[in-house]
Amino acid sequence: DGGITQSPKYLFRKEGQNVTLSCEQNLNHDAMYWYRQDPGQGLRLIYYSQIVNDFQKGDIAEGYSVSREKKESFPLTVTSAQKNPTAFYLCASSPWDSTFNQPQHFGDGTRLSIL
Amino acid sequence: AQTVTQSQPEMSVQEAETVTLSCTYDTSESDYYLFWYKQPPSRQMILVIRQEAYKQQNATENRFSVNFQKAAKSFSLKISDSQLGDAAMYFCAYRSARGGATNKLIFGTGTLLAVQP
């Protein structure tokens, strides 16, 4: 079955450490997205990518970095510059459609906590 | 900038009854899409229903239907014959049809729905 796989499910970060969250999809979707979810704030967009080797900052990109070397993969690195990384991170993908009619499909998420 | 507001942090419904979740949004655009996503305790986001702004007819998906009032910028979700499995956080989301940097989902803060047996 096609879907989006996020790993790990739980991740702990030490002070000053960079950590990378994995997101892989086998839906053949062009566009991929990273969201951060905090209690009471809904989901906020961190980065998105519409095609391979291209990505754009979302609303809260500071302290995060991404890469898109393959269509299937869109890893997110939480750097030491992100001072409040504790949150639930969701990856999503959607087909590229010029009308932007296509809904986004989500992975199961990664919960990141500070040690 | 577009915003989405869900004014009901929590709602409760008896099994087999009907419940309506509210959502309002603010935009100056005329063409856009609206979505309701469900997030059960497993935390996966599941698309429930979507509505194209240019369509006057309200979308329906089995027990789920929407009341889309474009002039009032309102997009409520009605769940009929509520089931225990409907218990979840529900998010309303907006997406511009213009593309580019506006091609993103803007989410409300969610409504936590409890279903009582």
Side-chain angles (χ1 to χ4, degrees), chain A residues 1 3-10 21 23 25 27 29-51 54-61 87-112, chain B residues 1-10 21 23-25 27 29-55 59 61 64 88-112:
Chain A
D1 285 339
I4 300 174
T5 302
Q6 288 187 242
S7 62
K9 196 173 182 70
Y10 299 95
L21 284 61
C23 178
Q25 55 99 357
L27 299 167
H29 288 171
D30 291 297
M32 297 187 74
Y33 312 81
W34 274 106
Y35 292 90
R36 170 177 171 141
Q37 185 176 20
D38 295 281
Q41 293 194 48
L43 278 70
R44 292 180 291 167
L45 183 66
I46 304 172
Y47 267 99
Y48 66 100
S49 168
Q50 294 176 337
I51 57 172
D54 184 63
F55 48 83
Q56 306 294 329
K57 292 182 179 180
D59 298 320
I60 54 166
F88 189 66
Y89 292 86
L90 282 160
C91 178
S93 71
S94 68
W96 175 253
D97 183 307
S98 61
T99 66
F100 306 101
N101 185 29
Q102 300 299 323
Q104 294 179 15
H105 300 260
F106 286 80
D108 289 344
T110 293
R111 177 162 295 284
L112 175 62
Chain B
Q2 296 85 13
T3 58
V4 176
T5 302
Q6 293 179 250
S7 59
Q8 305 154 315
E10 297 181 16
L21 308 184
C23 173
T24 59
Y25 56 95
T27 184
E29 299 176 333
S30 60
D31 199 11
Y32 49 86
Y33 305 99
L34 296 165
F35 305 86
W36 277 100
Y37 279 90
K38 168 185 177 181
Q39 188 179 42
S42 65
R43 304 303 297 272
Q44 185 180 27
M45 296 284 283
I46 302 165
L47 177 67
V48 175
I49 199 166
R50 67 177 176 180
Q51 174 81 40
E52 291 88 346
Y54 61 84
K55 290 185 177 179
E61 285 288 342
F64 298 87
M89 182 74 86
Y90 287 82
F91 290 97
C92 178
Y94 170 103
R95 188 179 195 181
S96 171
R98 285 200 295 129
T102 60
N103 177 27
K104 63 180 181 181
L105 282 171
I106 300 170
F107 286 87
T109 53
T111 296
L112 183 62

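Only this structure's heavy atoms are used, side chains among them; waters, hydrogens and symmetry mates stay out. The model shown is predicted, which means the values in this text are computed figures rather than measured ones.
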_Consider side-chain hydrogen bond (donor to acceptor under 3.5 Å, both in side chains). Of A/Ser49, A/Ser93, A/Ser94, which one does A/Tyr33 pass it with?_
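Of the listed residues A/Ser49, A/Ser93, A/Ser94, the side-chain hydrogen bond (donor to acceptor under 3.5 Å, both in side chains) partner of A/Tyr33 is A/Ser94.
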*Of the backbone (N, CA, C, O) and the side chain (C-beta and beyond), which part of B/Tyr37 lies under 4.5 Å from a heavy atom of chain A, both, or neither?*
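For B/Tyr37, side-chain heavy atoms alone lie under 4.5 Å from chain A.
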*Heavy-atom contact with chain A under 4.5 Å, split by part of B/Gln39*: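 For B/Gln39, the contact with chain A is made by the side chain alone.
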*Please determine, among A/His105, A/Gln37, A/Lys57, A/Gln56, the option with the most heavy-atom pairs under 4.5 Å with chain B.*
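Result: the option with the highest number of such pairs is A/Gln37.
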Main chain of [Y], side chain of [X]: is a donor-acceptor contact present, judged purely on distance under 3.5 Å?
X	Y	value
B/Glu52	B/Tyr54	no
A/Gln6	A/Tyr89	yes
B/Gln51	B/Ala59	yes

_Proximal component of A/Arg44, with respect to chain B [non-hydrogen, under 4.5 Å]_ =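 No part of it gets close to chain B.
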*Under 4.5 Å heavy-atom distance to chain B, tell me which part of A/Leu90 shows up: side chain, backbone, both or neither.*
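For A/Leu90, the side chain is the part near chain B, not the backbone.
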_Pairing donors with acceptors under 3.5 angstrom, does anything connect the side chains of B/Thr27 and B/Tyr32?_
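Absent: no donor and acceptor within the cut-off.
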